[in-house]
Amino acid sequence: MKKEKRPVGKPRAETRFPENWKDIILQSGKEGRHVTDFLIKLDISWECHGDLLARNPEYSDIVSTYEKLCEQWWYNNAHNHMMENGGRNYNARLWSLIMRNKFGKNWSDKQQVDVTSQGEKIQENKLQIEIIKPKDIL
């Protein structure tokens, strides 16, 4: 009888996940929680999270859905506050900062300035300076 060889090294993180790992990730998104919320609950590091995103399509798809749910939660948070009391006492600046940093792909306040003229590069004007010494100083 042949013994099955045990693989060398630590088992992959996804083999240690609880059965409801997808629900844990999605619930974090539905509550607008940071990624660290489900990383802690699944007991995985940032490095492991990055590795999982790269190698595990199922994990990557669930995290993508998490991101959409989380963004929607934050958007609805601001929207509901605006509808209830016109935005009084709502820290819109903080909300904007969160949206730009957490969801930078979709939210930005960058302003790009076109430094061209009619689509053409601005001409370089070389400035020449001539130093003229006074006659009395030689």
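Small disclaimer: the values here were computed from a predicted structure and weren't measured.
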With distance as the sole test, does Asn101 use its side chain to make a donor-acceptor pair with the main-chain N or O of Leu97 at under 3.5 Å? yes
What residues form a side-chain hydrogen bond (donor to acceptor under 3.5 Å, both in side chains) with [X], not counting sequence neighbours?
X: Ser96; result: Arg100
X: Asn76; result: Gln72
X: Lys68; result: none
X: Thr36; result: His34

Atom pairs and distances, side-chain donor-acceptor, residues 40-48, under 3.5 Å, sequence neighbours left out:
{"residue": "Lys41", "atom": "NZ", "partner": "Asp37", "partner atom": "OD2", "Å": "3.1"}
{"residue": "Ser45", "atom": "OG", "partner": "Glu47", "partner atom": "N", "Å": "3.4"}
{"residue": "Ser45", "atom": "OG", "partner": "Cys48", "partner atom": "N", "Å": "3.0"}

Taking atom OH of Tyr75 as the centre, does the number of heavy atoms from other residues, nucleotides or ligands within less than 6.0 Å exceed 12? no
Can you confirm whether more than 12 heavy atoms, excluding those of Trp74, are under 6.0 Å from its CH2 atom? no
To the nearest 0.5 Å, what is the distance between [atom1] on [X] and [atom2] on [Y]?
X: Cys70; Y: Glu31; atom1: SG; atom2: CD; result: 10.0 Å
X: Trp73; Y: Tyr66; atom1: CH2; atom2: OH; result: 11.0 Å
X: Arg33; Y: Phe38; atom1: CZ; atom2: CZ; result: 13.0 Å

Does anything in residues 79-91 form a side chain to side chain donor-acceptor pair (under 3.5 Å)? List the pairs, not counting sequence neighbours. Asn77-Tyr90
Distance-only criterion, 3.5 Å: show the donor-acceptor pairs between side-chain atoms of residues 15-26 and protein atoms not counting sequence neighbours.
{"residue": "Thr15", "atom": "OG1", "partner": "Arg12", "partner atom": "O", "Å": "2.5"}
{"residue": "Arg16", "atom": "NH1", "partner": "Pro11", "partner atom": "O", "Å": "3.0"}
{"residue": "Lys22", "atom": "NZ", "partner": "Glu58", "partner atom": "OE2", "Å": "2.5"}

Do the side chains of Glu71 and Lys105 get close enough for a salt bridge, i.e. N-O under 4.0 angstrom? no
Testing the basics here: between His49 and Val35, what is the closest heavy-atom pair and its distance to 0.1 Å? NE2-CG1, 4.0 Å
For Glu67, salt bridge (charged side-chain N to carboxylate O under 4.0 Å, His left out) partners two or more places apart: none
